[in-house]
Amino acid sequence: MSELTPFFNPASVAVIGATDRVGVGRTLLLNLLRSPFGGVVYPINPKREQVLGVKAYPSVGECPTTVDLAIIATPARTVPALVLQCKEAGVRTCVILSAGFKEMGAPGIELERQLMANKGDMRIIGPNCLGIMSSSSGVNGTFASSMIKDGSIAFFSQSGALCTAVLDWSRKVDFGFSAFVSTGSMMDVDWADLIDHFGQDEKTKAMLIYMETIGDPARFMAAAQRVGSRKPIIVLKSGRSEAGAAAAASHTGSLAGSDEVVDAAFERAGVIRVNEIMEAFCLMELLSSQPAPQGPKLTIVTNAGGPGVLSADALADGDGVLAPISEAAMAQYNSFLPDAWSHGNPIDVLGDAPPERYSQSLEVAAQDENTDGVLVILTPQDMSDPTATAQALARHANIGKPVMASWMGGADVAEGVRVLQKAGIPCFEYPDSACRIFNILHKFHKTTEMVSEPTQANAAPGVDREAARAEVTAIMQPALTSGRTVLTEYESKKILNLYQINGGRTEMATSPDEAVAMANEIGYPVVIKIHSETITHKSDVGGVMLNIQDDEGTRRAYDTIKENVTKNAGAEHFLGVVVMPFVKLRDAYEVIIGANADPQFGPTMLFGLGGTLVEVFRDKSLGLPPLNRTFARRMLSQTKIFKALQGVRGQRPVDIEELENILLRFSMLIADNPWIKELDINPLLASPDGILALDARIIVYDGTKTNQADLPRTCVPTI
């Protein structure tokens, strides 16, 4: 039994703050008394002998039996003491409806601190919430105006107002829930607790979350990965248009918008993200009665060509495809459809289609092994019978694949819509909406397959991680000790090489003679760049010279870079130069690999088209380290440059497996070394002849102002 079970299946409930006066305490008590809940309800009010005709008790400790669930609806200042009373009375769970906590600033934060100190092992939902409902036990521990109908979707929301709106919608369309939870500020019970609990609940088929804040991202992602492959988790996350934090100093920081990181995190966790309330409603309706599709292939049955074509377009927009008709299915269609039928998908059964023609077509489509789902469209024509057709389709509601319908129109189709919904076939007002929902769900199936591959704690091919981590710490230590936050390219390249990311040979010189000696040791031609502890974008200050051919050119390059930096930045920023081979890989592409720290999810990675126009083209994908091979390939394939890397117009392909390995090693470098705040490899030169990091820049946290315990950590579960 889950430790949250007493919330949703209590034998006894105490209402602390129950009253006869109009208000939350009265509505809450009335809801519990009027609901199907079969347990005992104890009104708690030290000033009343009875409330609404029910015997009242001065405190929860004076109830005749131990209370499973206490619901508090009193002013915020009184709540810490009441929570202590509940703990001392052995109450197992508590819902706090009261507002006036951390949303009120410092005084409210102090009240929450007191609550947490007083609660002991008791679990708390809230504060500042609407309450909870459970259709299995009949508990209505809210101050909402009605009770949920029995169903199979669990709904959790940080917004009490959205809870009441969803409740009203559910009454309108006769939709049910297994549970209804207003989480409030999630002081104690969080998303992970609820996901784990309802993941074990046999009645719950799927979960819908309205989320304003993520809470503990590591716990959320771990719970979602455990449960999401068995039960879809749909998240409606607000804040997509938030401007976010100021752009970081690196290219990666300017690209990795926080909402894009949320998308990447949810995909990694196997969560379905939706952006519109209507999408969430439609998904709930489908998942409550139909299975999710196991692939992208949809068969469309329609009595009108136009809606079929529009549906095919909507399907293609979301990476769905029209299912090819198998030979066996084609023969069956030809045996009963008129000669003028479309002979393709969409299956146009013509405007005069009677109910039986629709029914036969749906049956054939469902049996076709090429089909992952079926959408049936009806437009009300003079010869059609929307209600009778719906009745004919109702017997095919449970075919093992998702069946959707779109009865287009108004009054003429209304009864048919009711027939379909009652049979468990979700009916959409417009067929393109059905296609969008189908696309969301087939992508979810693909995502759950990716999530099923565990992420190894050591997923860096060819790297001795313990040794590499120790050497990286030694390289960073002088900077951390002095408060310097920008590592030199010399230091950065050494770190990359430790994780088998080829940065090439890089040597440091503090005079023209040393530069010449290094150039001769490396071999001409060479590249010479500024060596600085403060300048990160070297080209901006004239700090890069390419294709140096001889000793004279090396001396000239040294002097020119020193002069440029002195003029454009200041002499104090010039500490010498670094010398490296001038490498010109044939048929090479410039890509970028980067990392920075997201304030919610911690270390975040970026891959995409690199070079000087990286912000212009913005061809990128995001991921959370450490990666596994599936998500490394996913990061590559989500970009436009990936097609070119595979070879186009007769060019040889880049070694994609090695590029995956570099992403895996890079991800482990970031996960292993939390002192790294930002890291850019731009460009990473990728060609059929090899892969080379031409430039690297690492920014670390200020070691004089940052505690190691406060450093962002990866939230990706590993084994």
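Of the listed residues (Asn128, Leu194, Val189), just one forms a side-chain contact (heavy atoms from CB on, under 4.5 Å) with Thr183, and that residue is Leu194. Each of Glu267, Glu660, Glu449 was scored for a salt bridge (charged side-chain N to carboxylate O under 4.0 Å, His left out) with Arg634, with one residue passing: Glu267.
To the nearest 0.5 Å, atom CG of residue Leu664 and atom CD of residue Glu657 are 10.0 Å apart. The CG atom of Asn502 lies 6.0 Å from the CG atom of Asn497; values are rounded to the nearest 0.5 Å. Arg226 contributes atom CZ, which lies 4.0 Å from atom CG of Asp196 (distance to the nearest 0.5 angstrom). Here the CG-CD1 distance, from Leu663 to Ile593, works out to 4.5 Å after rounding to the nearest 0.5 Å. The distance from the CD atom of Glu590 to the CG atom of Leu694 is 7.0 Å, given to the nearest 0.5 Å. Atom CD1 of Ile209 is separated from atom CZ of Phe156 by 6.0 Å, given to the nearest 0.5 angstrom.
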What do the steps show when you test Arg665 against Glu658 for salt bridge (charged side-chain N to carboxylate O under 4.0 Å, His left out), and what is the final call?
-> CA-CA 10 Å; Arg665 294 168 190 146; Glu658 179 56 22; 2.9 Å; yes

What's the verdict on side chain to side chain contact (heavy atoms under 4.5 Å, CB included) for Ile109 and Arg113, showing C-alpha distance, side-chain angles and the deciding distance?
-> CA-CA 6 Å; Ile109 292 171; Arg113 187 198 65 76; 5.7 Å; no

Give the C-alpha distance, both sets of side-chain angles, the deciding distance and a yes or no for side chain to side chain contact (heavy atoms under 4.5 Å, CB included) between Ser258 and Phe601.
-> CA-CA 9 Å; Ser258 60; Phe601 291 95; over 6 Å; no

I would like to know whether Leu115 and Lys119 meet side chain to side chain contact (heavy atoms under 4.5 Å, CB included); could you show each step before the answer?
-> CA-CA 6 Å; Leu115 284 180; Lys119 79 177 192 68; over 6 Å; no

How far apart are the C-alpha atoms of Ile495 and Leu487, what are their side-chain angles, what is the distance that settles it, and do they pass the side chain to side chain contact (heavy atoms under 4.5 Å, CB included) test?
-> CA-CA 10 Å; Ile495 288 174; Leu487 299 190; 3.7 Å; yes

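Minimum heavy-atom separation, Val261 to Leu622: N-CD1, 3.9 Å. Heavy atoms only, all atoms of each residue included: Leu162 and Ser157 are closest at CB-OG, 4.1 Å. Scanning both residues, Lys231 and Phe198, for their nearest heavy atoms gives NZ-O, 2.9 Å. Across every non-hydrogen atom of Glu112 and Pro127, the tightest pair is OE2-CG, 3.9 Å. Of all the heavy atoms in Ile698 and Ser492, the pair that sits closest is N-OG, 3.4 Å. Residues Asp188 and Asp193 share a closest heavy-atom pair of O-OD2, 3.8 Å.
With a 6.0 Å radius and a threshold of 12 heavy atoms from other residues, nucleotides or ligands, Lys443 has its NZ atom above the threshold. Atom NZ of Lys677 sits in a sparse spot, with 12 or fewer heavy atoms from other residues, nucleotides or ligands closer than 6.0 Å. Atom CE of Met116 has more than 12 neighbouring heavy atoms from other residues, nucleotides or ligands inside a 6.0 Å radius. In Ile277, the CD1 atom is not crowded: 12 or fewer heavy atoms of neighbouring residues, nucleotides or ligands sit closer than 6.0 Å. For Asp121, the CG atom sits in a loose shell: 12 or fewer heavy atoms of surrounding residues, nucleotides or ligands are nearer than 6.0 Å.
Between the side chains of Ser532 and His573, no donor N or O sits under 3.5 Å from an acceptor N or O. If you check the side chains of Arg268 and Thr455, you find a donor sitting under 3.5 Å from an acceptor. No hydrogens or angles considered: nothing links the side chains of Ser159 and Glu212 as a donor-acceptor pair under 3.5 Å.
Ile592 places a side-chain heavy atom less than 4.5 Å from the side chain of Leu606. Two residues are said to be in side-chain contact when any heavy atoms from C-beta on lie closer than 4.5 Å; Asn596 and Thr604 meet this criterion. Between Tyr589 and Pro683, every side-chain heavy-atom pair lies at or beyond the 4.5 Å cut-off. The shortest distance between side-chain heavy atoms of Ser238 and Tyr210 falls below 4.5 Å. At a threshold of 4.5 Å between non-hydrogen side-chain atoms, the residues Glu489 and His531 do not count as touching. Residues Thr706 and Leu711 have side chains in contact (heavy-atom distance under 4.5 Å, counting atoms from C-beta outward). Put simply, the side chain of Asp598 does not reach to within 4.5 Å of the side chain of Leu624, judged on heavy atoms. Tyr499 places a side-chain heavy atom less than 4.5 Å from the side chain of Asn673.
At least one donor-acceptor pair closer than 3.5 Å links the side chain of Asp702 to the backbone N or O of Thr704. For the pair Asp672 (side chain) and Arg469 (backbone), a donor-acceptor distance under 3.5 Å is absent. In this structure, Glu103 contributes its side chain and Phe101 its backbone to a donor-acceptor pair below 3.5 Å. In terms of modelled atom types and a separation under 3.5 Å, the side chain of Thr639 and the main chain of Leu636 share a donor-acceptor contact. Although no hydrogens or angles enter the test, the distance criterion places no donor-acceptor pair under 3.5 Å between the side chain of Asp190 and the main chain of Met186. Arg219 contributes no side-chain N or O that, together with a main-chain N or O of Ala192, makes up a donor-acceptor pair within less than 3.5 Å. Within the 3.5 Å criterion, the main-chain N or O of Val262 finds no donor-acceptor partner in the side chain of Gln600. Although no hydrogens or angles enter the test, the distance criterion places a donor-acceptor pair under 3.5 Å between the side chain of Asp619 and the main chain of Ile641. Looking at Thr488, its side chain does come within 3.5 Å of a backbone N or O of Glu491 through a donor-acceptor pair. With hydrogens and angles disregarded, no donor-acceptor distance shorter than 3.5 Å links the side chain of Ser182 to the backbone of Cys129.
Between Phe666 and Phe607, the gap from one ring centroid to the other reaches at least 6.0 Å. Here the two rings, on Phe266 and Phe220, have centers that are under 6.0 Å apart.
Between Arg273 and Glu279 there is no salt bridge, since no side-chain nitrogen of the basic residue lies less than 4.0 Å from a carboxylate oxygen of the acidic one.
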